[in-house]
Amino acid sequence: MSHIYMPHQMEITEIIDETPDTRTLKLVFKDEGVRESFSFKAGQFGLFSVYGAGECTFDICSSPTWKDHIECCFRKVGKVTSALWRLEQGDLVGFRGPYGNWFPVDEFKGKNIVFIAGGIAFPPIRGVLWNCVDLRDQFKDITIVYGARTVSDLVYKYELEEWEKRDDVSLVKTVDPGGETPDWDGKIGFVPTVLEQAAPSSENAVALVCGPPIMIKFTLPVLTKLGFSDDRIYSTLENRMKCGVGKCGRCNIADVYVCKEGPVFTAEQMKVLPPEY
Amino acid sequence: MEHRTLAGDGLPALIDELIKKGMRVIAPTQRNGDLAFGQVSSSAEAVLDYFLCKRSAKEIVFPRTEAILGFDRSGGEVKVEPPSMQFPETVVVGARPCDAASLPILDHIFTWDCDDELFTRRREATTVIGLTCTTADNFCFCTSVGLSPDNTAGSDILLTQLEDGQFFVEVVTDKGEKLAAELGELFREGGDESARQKAGEKARALVTRSVDVSKAKGWLDDHFDDEMWESWMTCLGCGACTFVCPTCHCFDIVDEVQGLSGHRCKNWDACTFWHFTVHASGHNPRDVQYKRYRQRILHKFRYYKDRFGVTLCTGCGRCSRHCPVGIDIAEVLETAAGSAAS
Ligand SMILES: Cc1cc2nc3c(=O)[nH]c(=O)nc-3n(C[C@H](O)[C@H](O)[C@H](O)COP(=O)(O)OP(=O)(O)OC[C@H]3O[C@@H](n4cnc5c(N)ncnc54)[C@H](O)[C@@H]3O)c2cc1C
Ligand code: SF4
Ligand code: SF4
Ligand code: FES
């Protein structure tokens with residue numbers, strides 16, 4: 001007899017430094033049975049932990065189509081993330097999940113998809129992006145708009161190169177004014193501005209937006225201007241969480257449990273919530 | 001279910017009999033100068049002519065702190081152990097109706113969607129013998145939230161002292177029936193129902209405070225933003241109200257380490273603490289204190305009711321009694337109900 005807060009054990013099989021304070025971990029379940037049976041959907045999150053430091057919430061940023069491992073990408077900001085930073089390949093990480101809802105990828109079939117991400121908030125977008133790319137022929141145009149403060153704040157640089165080379169996705173990458181380097185070959189400008197210039201068609205399209213609250217705030221009106229209705233704009237909320245399973249009361253916005261009914265919401269759903277996110 | 005009668009001096013014998021049968025008995029008892037629910041090793045330790053314990057009975061099923069796992073690094077690779085999920089058969093003797101009633105209210109949160117087995121297993125192992133109130137103060141308002149000083153909600157057996165001193169033994173649930181059957185010899189079959197009615201009326205008359213909670217809810221439903229909230233800016237965010245409350249259930253999950261080993265613990269937390277909702281970026285969705293106090297009120301009287309159909313409050317008055325700046329929850333509700341009227 002166990003209980004819902006008991007984590008599975010995972011082994012770190014690879015560590016990839018993304019930026020000076022952001023890192024990707026590739027993780028594999030220690031238990032073979034769990035490895036076989038585990039499945040999740042793009043957009044879901046987990047509680048990742050270091051024994052002795054605690055748990056923290058990250059998106060599972062790999063694609064559900066990858067069966068042998070999962071990935072998380074995190075920024076070192078406090079107690080647990082610093083402890084996680086000190087771990088090495090082969091070390092153990094606790095994992096509970098998958099939790100929360102997901103991007104309704106099935107409903108995106110036959111549609112154009114615009115992915116918009118800012119800064120470290122690329123992880124939730126990256127999982128669903130790969131999910132769609134792995135099932136490429138089920139969707140129409142795929143457009144990615146990704147921006148960060150500076151060139152060194154861009155995560156997944158090696159994947160950006162790959163996106164650029166492919167002719168079945170179009171990538172618009174940008175850094176904030178002043179954040180460029182001499183050899184920067186992308187755009188210079190804030191994500192909302194660059195999005196407006198890129199002007200992806202809203203015809204038969206959905207938009208997925210993840211980023212800091214300020215970026216989301218200025219991106220939504222641009223999407224509206226481009227003709228995206230609120231029910232076709234998806235985003236994720238990052239209310240602080242502890243249990244992840246609708247018990248601890250931490251993530252609540254009115255009677256909504258963000259860990260259960262979220263973290264994925266449409267702009268339409270978000271607009272009726274009180275401003276507690 | 002068959003009701004029974006217990007002699008006026010029968011409570012100590014009941015407690016001692018339960019202990020003799022090997023059960024863990026929890027009753028109001030002296031702990032560090034305060035009355036608290038705690039395990040008693042004989043009836044002499046139980047204090048049953050009491051008003052209320054300072055903290056509620058929720059900690060019997062939802063402890064202030066409990067290990068959800070243990071870890072040990074002393075052997076190199078970390079070893080992780082789940083806790084023992086064996087919880088001893090427990091009987092709570094003398095819970096007041098506002099304490100007992102919190103348990104079925106808490107069932108909703110700990111069982112919706114998935115079960116928190118740490119809660120449900122304790123809950124299954126616990127039988128509650130409630131005790132009808134004989135005193136109340138001006139902070140009590142249980143009759144305004146659909147309860148009363150002689151209400152059976154959450155009790156498996158409710159004892160009500162009659163005018164002649166005997167206890168009317170009201171068997172409420174199957175669990176209560178099972179226990180009553182085991183204690184057979186202590187009880188006399190049958191009970192004086194009209195005397196029970198009279199005692200109930202007397203108990204209900206003790207509660208003089210009355211608030212129109214459904215009217216208050218009507219106002220709360222569409223006044224998330226209102227000047228009224230800012231007048232509760234005096235809240236210090238000390239969390240005392242949530243810690244003494246029988247229905248507050250927010251918790252934290254933290255690792256506590258001693259040397260190379262330690263525990264991951266589920267600890268009580270409070271929505272009135274300023275850091276409860278702080279994001280790692282420093283952004284805080286409830287950035288000022290009145291918003292945190294508002295969350296406490298709206299969670300109890302609006303959100304929980306909308307979501308689970310019950311109010312997250314038993315009207316015990318503890319939060320008002322213990323608030324260092326004198327915020328009285330019944331007064332908050334009166335203000336809301338009053339605003340609804342105007
Ligand atoms: C659904 C969801 C998905 C997420 N996905 C990701 C992801 O993919 N990658 C990622 O990097 N992050 C993600 N996050 C954020 C991540 O959970 C936090 O950054 C992480 O939990 C921080 O843990 P920590 O122990 O290192 O920080 P903590 O030590 O807990 O705190 C970090 C910061 O939080 C504030 N803070 C917290 N508690 C207190 C307190 N008691 N007193 C004062 N300040 C406090 C401070 O500003 C502090 O610097 C996600 C969050 C959610 C809810
Ligand atoms: S006891 Fe009073 S001051 Fe303390 S958190 Fe509760 S309402 Fe605020
Ligand atoms: S909110 Fe106050 S009155 Fe209501 S149950 Fe909690 S402590 Fe008692
Ligand atoms: S994180 Fe605990 S209730 Fe949502």
Side-chain angles (χ1 to χ4, degrees), chain A residues 1-9 11 47 49-57 74-81 83 90-94 96 99 119-120 212-214 237-260 273-277, chain B residues 68-73 77-80 82-86 109-110 112-121 224-225 248-257 260-262 264 266 269-271 275-286 291 295 298-299 302-308:
Chain A
M1 174 76 206
S2 185
H3 57 73
I4 46 171
Y5 309 108
M6 199 64 203
H8 295 300
Q9 314 313 333
E11 185 181 320
L47 269 295
S49 58
V50 182
Y51 297 100
E55 297 188 310
C56 53
T57 319
F74 69 97
R75 172 172 282 176
K76 185 171 63 162
V77 292
K79 190 176 166 204
V80 182
T81 47
D91 282 344
L92 267 192
V93 169
R96 300 195 277 125
Y99 293 146
I120 163 78
I214 186 83
L237 290 180
E238 294 211 342
N239 283 46
R240 210 173 166 83
M241 296 179 182
K242 283 291 171 178
C243 70
V245 288
K247 308 290 178 211
C248 76
R250 178 84 47 154
C251 67
N252 303 184
I253 306 176
D255 65 345
V256 171
Y257 286 80
V258 176
C259 65
K260 281 289 178 187
L273 293 175
E276 292 206 319
Y277 50 87
Chain B
I68 61 182
L69 59 84
F71 52 84
D72 186 357
R73 289 183 185 283
E77 179 151 301
V78 54
K79 279 212 301 271
V80 184
S84 146
M85 295 290 288
Q86 302 303 316
I109 183 72
F110 287 115
W112 84 279
D113 194 70
C114 61
D115 283 4
D116 176 341
E117 301 90 345
L118 294 164
F119 175 91
T120 55
R121 300 276 297 226
F224 182 86
D225 283 310
C248 277
H249 56 262
C250 289
F251 62 86
D252 198 359
I253 295 177
V254 284
D255 283 17
E256 297 179 358
V257 191
L260 287 172
S261 60
R264 180 161 296 160
K266 180 180 165 202
D269 206 343
C271 63
H275 51 76
F276 189 72
T277 48
V278 195
H279 290 203
S281 63
H283 168 67
N284 192 353
R286 298 192 196 117
K291 296 185 182 173
Q295 168 63 16
L298 292 180
H299 190 202
R302 176 175 147 190
Y303 307 150
Y304 206 79
K305 175 92 175 162
D306 286 347
R307 180 120 198 166
F308 301 118

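Letters A, B, ... mirror the listed sequences (proteins, then strands); counts begin at 1. The model shown is predicted, which means the values in this text are computed figures rather than measured ones.
Neither the backbone nor the side chain of A:Val80 comes within contact range of chain B; no heavy atom of the residue lies under 4.5 Å from a heavy atom of that chain. A:Tyr277 touches chain B through its backbone: at least one of N, CA, C or O sits under 4.5 Å from a heavy atom, while the side chain does not. Using a 4.5 Å cut-off between heavy atoms, A:Pro212 does not touch chain B at all. Contact annotation for B:Phe71: only side-chain heavy atoms (C-beta onward) come within less than 4.5 Å of a heavy atom of chain A. Contact annotation for B:Cys271: neither backbone nor side-chain heavy atoms come within less than 4.5 Å of a heavy atom of chain A. Contacts between B:Phe224 and chain A at a heavy-atom distance below 4.5 Å involve the side chain alone, from C-beta outward. Using a 4.5 Å cut-off between heavy atoms, A:Asn252 contacts chain B through both its backbone and its side chain. If you measure heavy-atom distances from A:Ala254 to chain B, the contacts under 4.5 Å come from both the backbone and the side chain. Neither the backbone nor the side chain of B:Glu256 comes within contact range of chain A, judged by heavy atoms closer than 4.5 Å. Residue contact with chain A, scored on non-hydrogen atoms closer than 4.5 Å, is absent for B:Leu298. Neither the backbone nor the side chain of B:Gln86 comes within contact range of chain A, judged by heavy atoms closer than 4.5 Å. Interface residue A:Val77: only side-chain heavy atoms are found under 4.5 Å from chain B.
Note on B:Met85, B:Arg264, B:His279: by heavy-atom pairs under 4.5 Å with chain A, the leading option is B:Arg264. When A:Gly249, A:Cys56, A:Cys251 are compared by the number of non-hydrogen pairs under 4.5 Å with chain B, A:Gly249 comes out ahead. Between chain A and the options B:Val257, B:Val254, B:Leu260, B:Val278, the largest number of non-hydrogen pairs under 4.5 Å is found for B:Val278. The most heavy-atom pairs under 4.5 Å with chain B, out of A:Gly52, A:Pro7, A:Gly54, A:Ser49, come from A:Gly52. The candidate from B:Tyr303, B:Phe110, B:Phe308, B:Phe119 with the greatest count of non-hydrogen atom pairs under 4.5 Å with chain A is B:Tyr303. Taking chain B as the reference chain and counting heavy-atom pairs below 4.5 Å, the highest number among A:Pro213, A:Cys243, A:Gly78, A:Ser2 is found for A:Ser2.
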Using salt bridge (charged side-chain N to carboxylate O under 4.0 Å, His left out), reason through A:Arg250 and B:Asp269 one step at a time and then give a plain yes or no. CA-CA 9 Å; A:Arg250 178 84 47 154; B:Asp269 206 343; 2.3 Å; yes

Could you walk me through whether B:Tyr304 and A:Asp255 satisfy the side-chain hydrogen bond (donor to acceptor under 3.5 Å, both in side chains) test, starting with their C-alpha distance in whole Å, then the side-chain angles of each, then the deciding distance to 0.1 Å, before giving a yes or no? CA-CA 7 Å; B:Tyr304 206 79; A:Asp255 65 345; over 6 Å; no

A:Tyr99 and A:Cys259: side-chain contact (heavy atoms from CB on, under 4.5 Å), yes or no, with the steps? CA-CA 7 Å; A:Tyr99 293 146; A:Cys259 65; 6.0 Å; no

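Considering every non-hydrogen atom in both A:Ile4 and B:Cys114, the closest pair reads CD1-SG, 4.2 Å.
Ionic pairing of B:Asp252 and B:Lys266 is not present here: no N-O contact between side-chain nitrogen and carboxylate oxygen is shorter than 4.0 angstrom. Salt bridge absent: B:Lys291 and A:Glu276 never bring a charged side-chain N and a carboxylate O closer than 4.0 Å.
The neighbour count for A:Lys79 NZ, taken as heavy atoms of other residues, nucleotides or ligands under 6.0 Å away, is above 12.
Put simply, the side chain of B:Trp112 never gets that close to the backbone of B:Arg307: no donor and acceptor are under 3.5 Å apart. Judged by distance alone, the side chain of A:Lys247 and the main-chain N or O of B:His249 form no donor-acceptor pair under 3.5 Å.
A:Ile253 places a side-chain heavy atom less than 4.5 Å from the side chain of A:Val258.
Between the side chains of B:Glu117 and A:Tyr5, no donor N or O sits under 3.5 Å from an acceptor N or O.
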